[in-house]
Every structure is written in structure tokens, then in C-alpha cells.
Amino acid sequence: MAKRFDWIQKELKNLKQKGLYNNIRTLGSAQGAWLMVDGRKVLNFCSNNYLGLANHPRLVEAAKKALDDFGVGPGAVRTIAGTMDIHKELERRVANFKHSEAAITFQSGFTANLATIPALVGKQDMIFSDELNHASIIDGCRLSGAKIERYNHCDPLHLELVLKENEGNYRRALIVTDGVFSMDGDVAPLDRLYEIANAYDILLMVDDAHGEGVLGKGGRGIVDHFDLHGKVDIEIGTFSKAFGVVGGMVSGNANVVEWLTQRGRPFLFSSAVTPPDVAACIGAIDVLEESTELVDTLWANGDYFKKEMAALGFDIGKSQTPITPVMLGEAKLAQDFSKALFERGIFATSIGYPTVPQGKARIRVMISAAHSKDDLDKSLEEFAAVGKELGVI
Ligand SMILES: *Cc1c(COP(=O)(O)O)cnc(C)c1O
């Protein structure tokens, strides 16, 4: 084999030796409470399909109809000839759903961050970023060329300290945070961050990928949860988690949204999501606007599971959302736990360093409205059995 790939072989081997290689399981079925994984039927606690919309008949129907009406592709980037009336409709529906001034959509939550941050700040500017922010926020910050200051996780007092230290050192500034932090399920103190951003007159941005469809009235997200309508300049979201489809969104201040149509590079230089995707996203908003039932079920399921796991004696961290981290400590234990669960028909992956700090390995249980009470009881039974087997409880 050619020598120029030797380093890749070496690095891959290294990852495998350290137990850090991503072994990717293949699904042979649609997303749902139950999955076919590597040929066996297992109960799913890994996906971000919080509301069970990924395979919802209403969304599937909407996508099929759009396929007939608009075909499979958008045909060009949106500024040239790739904006269809359903793309515009989705943006109106997002703004209306979230009670925001305006909204714009992107190919994914990841690209929404890459589009937004560099459009707002540059080399003469500063970004104040929560130390546990998502990779796509970090990449967007780096791409902007702005100076990045990290503040302690969910700590407004520390943010203020860092801001004071840097007063006068920048042209413009941006405070950026995840809404719900996906590894612990904790929620950013957005009300406090707003007070600070407002006092210093700097931009405030929240990436609510895990709060979209989960927090707020009927899943309207973190801005609604804190009743900060019209106060948070930029709310990033994704259609790929609770909404069950794919795509990203930015809602908030109308100036910012208009600016992104002119300077958001993934908007200008990459095609939009396909018509069936867009129609399915609109279908998700239809379902959420009609009833809060799915969101209510998600929270009831999460509360039940967390209460029972704590009663069994597991350490389930400090989650404020249905995300349930089962804290195990060492990566090896978390991996063994996950394997034992899988043998018992429970699919819940272990998460270790560098996604979470050393010594804080865990199994992250993703609860969904799609789970029945029986599903939750079966998983509790298996968690208890494995927990005893491995001496965790
Ligand atoms: C998942 C996630 C994203 C990426 O969303 P996609 O639509 O899957 O690209 C961005 N930000 C945060 C905080 C996320 O959790």
C-alpha cells in the first residue's frame, strides 16, 4: 500500500488500542422505540428522536406529497434559484411557532452555527463562550477569527468577570451558549445571560438543539421556557432531533435574519434541504401546534424513568430534562455496562473521554415519547440486573 496513508493506519490503530474508536452500529429499521440493530430487535435509548416524529405517519405523508409536487431536489443554492415556496413557508411557520420576529433555515444545526457566528463577529471582535459548548459552536467561533474567551460552565458570575476584564478590547462581542447541554441534560441560565448581554449591549446567541420540541410551551424551546421572547437575538435550532427530520434554523431578531440571507456562507454557497425534508419539518410543526400531548408524554416518561433509576440507587447526575445520564465513572465500566445491556436487548451507548471529562464516563439514556410504560419498565428491570451484576448498585 502507498506510504502516504501509513499515518492514518497508525492513528486508527492507536484509537482502537485506547478504546476510543467509534464502532458504528447499523440500523435495519426506521427510528422508533424499538430498532433492528445488527439483526436483532432492541429497545432504543440512543436517539434524539424525543417525540417519535422520525417515523410519524403525518410527516411521512407530508414528505410523500412534497415529492409529488416539488420533486427531490432544490436545484440550486437558495440565492440563485433554490428557494421554493415551501422553504419560505417553513421559515414563516418557525417564526410563528416560536413567536420570534423572523426565521431562516439551513441544511443542519451544524451549518446554522457555521453560518451565523462568522457573519456576526470577526477579527476585531470577541466571543464569550460556555466552556462546554457543542463542537459546531466551537468550529463556528474559530471560523469567525474573533478572540474566544471561555467562561465556566453555566456560570453568569464568571461570565461577567471575564467581560469586565475585556471591556474596551473589542469592536463587537457575542455571548454564546448551548441551551440544553446534551451530556448532562442541564439548562443554560438564559435569563441571567440575557441580563448581562443587555447591560453590556452585546449580542446573545443560544443553540437550543436539544431544547427544541422539548422545553417551553408545547416544545417551543428555551426562549419560550424563560419567557424571553424578543430578547434573545439569535436562537439556533435543529430539525434533526425532536422534530425528527433534518435541517437547521435560526430565529430571533429580524436584522440578524436578514443579514444571514446576505452573509451566511452556507446559505449562499450550499443548497437547501430537499422539498420532502421541508414538508416533513412543516408537518412536525403542525403536530406540535395541534397538541402538547407528545411533549407532555416525553416529560412524564423522563420523570418516571429518572425517579425509578434514583430509587434503584443509580447516580443520575443533575439533569433538568428527559436526558438521563447514568454516571459510572471509568470508561471501561461504562462500556461493559452498555455491552451487558445490549445482550439483554437494551440499546444505550456508553460515553467517555473526550466527549465527557476523564472519570465521568456514563451511559446516556435518551428517553422518548415513543416509549411505552412497558418499555420503560423493561429497561428499568435490565438496568437493575446489570447494575447488580457489575456491582454498581
Ligand atoms: C446536535 C447539535 C447540533 C447539530 O445539529 P444537526 O442538525 O444534527 O447538525 C448543533 N448544536 C447542538 C448544541 C447540538 O446538540
Side-chain angles (χ1 to χ4, degrees), residues 22 24 31 46-51 53-54 59 90-91 94 103-118 127 129-144 150 153-154 174-190 193 204-216 219 221-223 225 232 234-252 260 264-267 270-274 277-278 280-281 284-285 319-325 349 351 354-356 364-368:
N22 272 328
I24 303 168
Q31 279 288 354
C46 297
S47 83
N48 302 317
N49 184 23
Y50 288 110
L51 302 175
L53 292 178
L59 277 66
L90 175 59
E91 287 164 348
V94 168
I104 178 171
T105 57
F106 289 90
Q107 302 84 355
S108 70
F110 204 110
T111 52
N113 279 324
L114 296 191
T116 305
I117 301 170
I127 297 170
S129 174
D130 187 292
E131 64 180 337
L132 295 188
N133 276 345
H134 188 260
S136 59
I137 297 181
I138 295 170
D139 287 5
C141 291
R142 287 182 181 153
L143 203 55
S144 75
R150 303 195 321 165
H153 176 55
C154 286
L174 170 74
I175 297 170
V176 60
T177 183
D178 272 33
V180 174
F181 290 83
S182 63
M183 291 302 145
D184 291 287
D186 53 339
V187 177
L190 197 61
L193 300 183
L204 175 61
M205 167 171 159
V206 62
D207 176 352
D208 198 31
H210 280 275
E212 212 72 73
V214 175
L215 286 179
I222 192 168
V223 171
H225 171 78
V232 176
I234 305 122
E235 187 183 6
I236 306 281
T238 177
F239 294 108
S240 72
K241 291 177 176 141
F243 280 68
V245 194
V246 71
M249 58 180 120
V250 181
S251 66
L260 291 175
R265 288 171 70 83
F267 184 85
S270 179
S271 295
V273 292
T274 71
D277 292 324
V278 176
C281 292
I285 298 177
S319 175
Q320 297 163 265
T321 61
I323 295 172
T324 309
T349 32
I351 294 175
T355 310
V356 294
R364 188 183 56 158
V365 183
M366 298 301 273
I367 298 293
S368 169

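One-based numbering, in listed order, for ligands and for the atoms of each. Start at 1 with the first residue, then count along the sequence.
In terms of modelled atom types and a separation under 3.5 Å, the side chain of R150 and the main chain of N133 share no donor-acceptor contact. One N or O on the side chain of Q107 and one on the backbone of P266 form a donor-acceptor pair closer than 3.5 Å.
Of the options Q107, K241, H210, M183, the smallest heavy-atom separation from atom 2 (C) of ligand 1 is shown by K241.
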Evaluation steps, side chain to side chain donor-acceptor pair (under 3.5 Å), between N113 and H134: CA-CA 10 Å; N113 279 324; H134 188 260; 5.1 Å; no
Steps toward side-chain contact (heavy atoms from CB on, under 4.5 Å) verdict (V176, D207): CA-CA 8 Å; V176 60; D207 176 352; 5.8 Å; no
Candidate pair I222 and V187, rule side-chain contact (heavy atoms from CB on, under 4.5 Å), full reasoning: CA-CA 9 Å; I222 192 168; V187 177; 3.8 Å; yes
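Closest protein heavy atom to atom 9 (O) of ligand 1: F110 N, 3.0 Å. Among protein heavy atoms, the minimum distance from atom 13 (C) of ligand 1 is reached at D207 OD2, 3.2 Å. S240 OG, 3.1 Å is the protein heavy atom nearest to atom 8 (O) of ligand 1. Regarding atom 10 (C) of ligand 1, its nearest protein heavy-atom neighbour is S136 OG, 3.3 Å. In this structure, the protein non-hydrogen atom closest to atom 6 (P) of ligand 1 is G109 N, 3.4 Å.
Each of the following atoms of ligand 1 lies closer than 4.0 Å to a heavy atom of A209: 2 (C), 11 (N), 12 (C), 13 (C), 14 (C), 15 (O). Atoms of ligand 1 lying under 4.0 Å from at least one heavy atom of D178, given by number and element, are 13 (C).
Using a 4.0 angstrom heavy-atom cutoff, G248 does not count as in contact with ligand 1.
Note that CD1 of I236 is 7.0 Å distant from CD1 of I117, once rounded to the nearest 0.5 Å. Atom CG of residue D208 and atom NZ of residue K241 lie 10.0 Å apart, to the nearest 0.5 angstrom.
By the criterion of a heavy-atom distance under 4.0 Å, neither the backbone nor the side chain of S182 is placed next to ligand 1.
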